[in-house]
Trainee: 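Before anything else, here's the structure in question.
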Amino acid sequence: MWCTYKVLVFTLVAASHLPPVYVLEFCPSAEPDCHSREDAASASQSSTHSVKSRWSVKSSNVTHNLDHFKVSCKKLIDAFPVDEVDGNFVRTVKNCIFSKSTPTALTGPLRLAVVSKDVIEGILDLDINVSQSEDFLLYASGSRLLPGSVPLAHRYGGHQFGYWAGQLGDGRAHLLGQYLNRRGELWELQLKGSGKTPYSRSGDGRAVIRSSVREFLCSEAMYFLGIPTSRAASLIVSDEPVLRDQFYNGNVKKERGAVVLRLAKSWFRIGSLEILSESGELDLLRNLLNFIIKEHFSFIRLDDPEKYLVFYSTVVNETAHLIAQWMSVGFAHGVCNTDNFSLLSITIDYGPFGFMESYDPNFVPNTSDDEGRYRIGAQAEVGLFNLEKLLVALSPVLTQEQKKQAKLVLKDYRKVYQMRIHQIFKAKLGLVGEEEDDNVIIAFMLKMMEDTHSDFTMTFRELSEVSANQLHNRNFTQMWALEDLSSHKLFSDWLNMYMLRLSRQQSDSDLDRQHRMKRINPRYILRNWMAESATRKAEKNDFSEVELLLNILSSPFVTQATAEKMGFAARPPRWARSLKVSCSS
Ligand code: AMP
Ligand code: MG
């Protein structure tokens, strides 16, 4: 019987030995865009119902008005040739990294829907009250430029759904500039939905409320889940009509424009390098690579002849880690094109993403993805495809020997990914140390979840909350996901195996196990129906549910009375089954 479970969806094979790779410290210290799940868990466990800040910013340390808030584009403009052609008309751009492009103000009254206190105070050093001002509304919507800002649109390309798509670029995003905060961190501020740029192709440069609510909430939710991600500072909605054919069936509807102010240490993507390599702009390719290494991979010396190989190796490893983290919370990005894969290995460009509910490796969040290319169970392989494309882009600046080495690095990608997945799922099950059959326990459980359509999040969560005694007696009252799982005909076999394994963890108490597991298995994720419900209200200018979701998802590992009342940890409502998300945004 075990054999059936040994070759399974995640092929959970522990790496027998680790390849010689250069790995960035996995989630060092308290880096806001790269921190351990433990950090996020403890940050989100301090209290229950309010917005948490893990920055403990004293109010005296934050700025109370925007007069002194400045950004700078100097570093970026000085580093690269900038396309000086004026105007936001669509064109092919060559020999530059950025185009100057001014945001187009949204029409109609602007309304601040929501802000992230954690970002406003913790990253931008601003008193949260500043976000309620008219000035903030104008700055964060693209109606007025922040002091120091020379807004830029980034030129990049990419492979979309497996094919080279040529020039893409920021078609509806404007990089406002970099902000150096009190912690010495440099953050790039970007508006999304702020109007046309030279890269808008046939688009209108806008983003609608539903996709902006989703991007805002998911960025913040992912952060609090402990997953490397871009951040969202604010969401502003307007009355500007925006036409969208949401399901590409000819049913064009009038929606409303919105703008998210989002932040990342860098917005460079695999596609940023691909376009330069594709068009033979090799000096610029080296220039951009050196810039990225200097700014974001400071452990690599610029005079190291192997620097590009070390850079590549780091991106390969960090991408494997990122995708393993996505899988650990059932996150499917939805559009894993190379233009949506960050070179810093953070989650960017939230579109038709989805958190898997019933466990299903074939879960496809994006209804426009007919072939299921970006189904959840294929993300690791798609990551490999994207990293192959990155290697193609780097090839002109690598020696023959380095190319050979890079291929070996890529060959080890699956091993690194599987090792990380193995570690994570062991932790999700509360397993300490390493035993021969750990893979079997994990894969067996996932297969039972698949067969019984058990909820991915709540099965692991309830397993974290259930006592060993309850488990032994199969007492799953009020534990709906475990009830589902236990309906499997082999559940008793698995349970015996699991409980025996736990019983061998001699210095581990049952309470310790539960505590550990509750810090890694969230109770709340951004389910589609939750985002949908909040969006429907937001479209009527009622932002209370967006705010509520932000609060709750800021503490995903803590049971919260309001969330329970709202049914956020309950079986998803019936109406949620018919919900669909498409690329339209
Ligand atoms: P995405 O799939 O959202 O990552 O977008 C792929 C490309 O299409 C990027 O270059 C975007 O900037 C561009 N794009 C998407 N939507 C729009 C829009 N409404 N207007 C202009 N460009 C867009
Ligand atoms: Mg994108």
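In listed order, ligands and their atoms are each counted from 1.
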Trainee: For ligand 1, which atoms sit closer than 4.0 Å to a heavy atom of Gly203?
Mentor: 18 (C), 20 (N), 21 (C)

Trainee: Which residue and non-hydrogen atom of the protein lie closest to atom 2 (O) of ligand 1, and at what distance in Å?
Mentor: Asn340 ND2, 4.2 Å

Trainee: Going by atom types alone, do Glu532 and Asn528 pair a side-chain donor with an acceptor below 3.5 Å?
Mentor: no

Trainee: Using a cut-off of 6.0 Å, state whether more than 12 heavy atoms not belonging to Arg414 lie near its atom CZ.
Mentor: no

Trainee: For the residue pair Val114 and Phe543, establish whether any side-chain heavy-atom pair is separated by less than 4.5 Å.
Mentor: no

Trainee: Can Gly205 be said to touch ligand 1, with heavy atoms closer than 4.0 Å?
Mentor: yes

Trainee: Heavy-atom pairs closer than 4.0 Å: do any link ligand 1 to the side chain of Asp349, the backbone, both, or neither?
Mentor: side chain

Trainee: Between Lys192 and ligand 1, which residue portion shows a heavy-atom distance shorter than 4.0 Å: side chain, backbone, both, or neither?
Mentor: neither

Trainee: Quick one: are the ring centres of Tyr179 and Phe69 less than 6.0 Å apart?
Mentor: yes

Trainee: Run the numbers for me: atoms of ligand 1, each under 4.0 Å from some heavy atom of Arg244, listed by number.
Mentor: 19 (N)

Trainee: Protein N, O or S atoms less than 2.8 Å from the Mg ion (ligand 2), ignoring waters?
Mentor: Asn340 OD1, Asp349 OD2

Trainee: Would you mind listing which atoms of ligand 1 come within a distance below 4.0 Å of any non-hydrogen atom of Gln160?
Mentor: 6 (C)

Trainee: Run the numbers for me: atoms of ligand 1, each under 4.0 Å from some heavy atom of Tyr156, listed by number.
Mentor: 9 (C), 10 (O)

Trainee: Using the salt bridge (Lys or Arg N to Asp or Glu O under 4.0 Å) definition, which of the options Arg244, Arg210, Arg206 pairs with Glu255?
Mentor: Arg210

Trainee: If you have a sec, work out which protein heavy atom is nearest atom 11 (C) of ligand 1 and how many Å separate them, to one decimal?
Mentor: Gly169 O, 3.9 Å

Trainee: Return yes if a side-chain donor-acceptor contact under 3.5 Å exists between Ser358 and Asp360, otherwise no.
Mentor: no

Trainee: Please check if the side chain of Ser313 supplies one atom and the backbone of Val310 the other of a donor-acceptor pair under 3.5 Å.
Mentor: no

Trainee: Please could you name the atoms of ligand 1 that Arg206 approaches to less than 4.0 Å, counting only its heavy atoms?
Mentor: 19 (N)

Trainee: Note the single closest protein heavy atom to atom 7 (C) of ligand 1, along with its residue, its atom name and the distance in Å.
Mentor: Arg201 NH2, 3.1 Å

Trainee: For Tyr350, is the NZ or CZ atom of Arg262 found under 6.0 angstrom from the centre of its six-membered ring and inside 45 degrees of the ring axis?
Mentor: no

Trainee: Honestly, is Arg269 close enough over Phe341, meaning NZ or CZ under 6.0 Å from the six-membered ring centre and within 45° of the axis?
Mentor: no

Trainee: Is it the case that the side chain of Tyr417 and the backbone of Glu381 share a donor-acceptor pair, with hydrogens and angles ignored and the cut-off at 3.5 Å?
Mentor: no

Trainee: Do the ring centers of Tyr374 and Phe161 come within less than 6.0 Å of each other?
Mentor: yes

Trainee: Strictly distance-based, threshold 3.5 Å: is any side-chain N or O of Asn337 a donor or acceptor partner for the main-chain N or O of Asp339?
Mentor: no

Trainee: Got the closest protein heavy atom to atom 16 (N) of ligand 1, with its distance?
Mentor: Arg172 NE, 3.2 Å

Trainee: I'd like to know whether ligand 1 has His154 as a neighbour, heavy-atom separation below 4.0 Å.
Mentor: no

Trainee: Kindly state if atom 5 (O) of ligand 1 has a protein heavy atom within a strict 4.0 Å cut-off, that is, under 4.0 Å?
Mentor: no

Trainee: Between His154 and Tyr199, is the ring centre distance below 6.0 Å?
Mentor: no

Trainee: Of all the non-hydrogen atoms in the protein, which one sits nearest to atom 12 (O) of ligand 1, and at what distance?
Mentor: Gly171 N, 2.8 Å

Trainee: Quick one: look up the protein heavy atom nearest atom 19 (N) of ligand 1 and list residue, atom name and how far away it is.
Mentor: Asp204 OD1, 3.1 Å

Trainee: Does a side chain donor of either Ser143 or Ser141 reach within less than 3.5 Å of an acceptor in the other side chain?
Mentor: yes

